Amino acid sequence: MHPAVPLLIPRRAGATVQVGSYTIPEGAQILVNVWAVGRDPDTWKDPNKFIPERFLGLDIDVKGQNFELLPFGGGRRICPGLPLAIRMLHLMLSSLLNSFNWELEDGVSPETMDMEEMFGITLKKAQPVRAVPLPITK
Ligand code: HEM
């Protein structure tokens, strides 16, 4: 839903090709809008809702083979950090969750959190998440 690089790295057509009803001339610069692909209601039910369980038991993965979901891009310019990122994300997130209790600042709740994005080469939250780590009391 919130891809880190919403338009991927620009490509250039090596030859003139026909894609559906469009002719892409040789040399044209191509931007692949994976932000829009990940929110396509023809593919994703309630695409704007945060439903991580939607991926359970799904054959679609993030490794560039399924064009419905391309957070790391695909093809010869696919993110070379993918294997590292996939390992580190689980490790870092689970360490943080395991070591602290977490609270959002200023009474913000997950339901009211501002999820607006700031568009750019990389996608950022318009308002940063301010999460407060609290000691775990037994
Ligand atoms: C969750 C973490 C990450 C995400 C979501 C991500 C996403 C992406 C995406 C979408 C691209 C463009 C791919 C394309 O155009 O097809 C990219 C390129 C790239 N990423 Fe990552 N990345 C992540 C982590 C990393 C890490 C950990 C490294 C390095 C250790 C890395 C290094 C690179 C490099 C060098 C490129 C440019 C590749 C090229 O131009 O051929 N990335 N990344």
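Position 1 is the first residue of the sequence; numbering continues from there. Both ligands and their constituent atoms are indexed starting at 1 by order of listing. Just so it is clear, the model here is predicted, and its values are computed rather than measured.
The existence of a salt bridge linking Arg39 and Glu117 is confirmed by a sub-4.0 Å separation between a basic side-chain nitrogen and an acidic carboxylate oxygen.
With side-chain heavy atoms closer than 4.5 Å counting as contact, directly or through intermediates, Ile136 stands alone and belongs to no larger hydrophobic cluster.
Under a cut-off of 6.0 angstrom, the local environment of CD in Glu116 is sparse, with at most 12 non-hydrogen atoms contributed by other residues, nucleotides or ligands. More than 12 heavy atoms of other residues, nucleotides or ligands shown are found within 6.0 angstrom of CZ on Arg54. The 12-atom threshold is not exceeded at NZ of Lys124, counting heavy atoms of other residues, nucleotides or ligands nearer than 6.0 Å.
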Does ligand 1 have any N/O pairs with the protein under 3.5 Å, and how far apart?
{"residue": "ligand 1", "atom": "15 (O)", "partner": "Ile9", "partner atom": "N", "Å": "2.9"}
{"residue": "ligand 1", "atom": "15 (O)", "partner": "Arg11", "partner atom": "NH1", "Å": "2.7"}
{"residue": "ligand 1", "atom": "16 (O)", "partner": "Arg11", "partner atom": "NH1", "Å": "3.3"}
{"residue": "ligand 1", "atom": "16 (O)", "partner": "Arg11", "partner atom": "NH2", "Å": "2.8"}
{"residue": "ligand 1", "atom": "16 (O)", "partner": "Gly74", "partner atom": "N", "Å": "3.2"}
{"residue": "ligand 1", "atom": "16 (O)", "partner": "Arg77", "partner atom": "O", "Å": "3.4"}
{"residue": "ligand 1", "atom": "40 (O)", "partner": "Arg77", "partner atom": "NE", "Å": "3.2"}
{"residue": "ligand 1", "atom": "40 (O)", "partner": "Arg77", "partner atom": "NH2", "Å": "2.7"}
{"residue": "ligand 1", "atom": "41 (O)", "partner": "Arg77", "partner atom": "NE", "Å": "2.7"}

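Annotation: side chain of Asp61 is not in contact with side chain of Leu69 (no heavy-atom distance under 4.5 Å).
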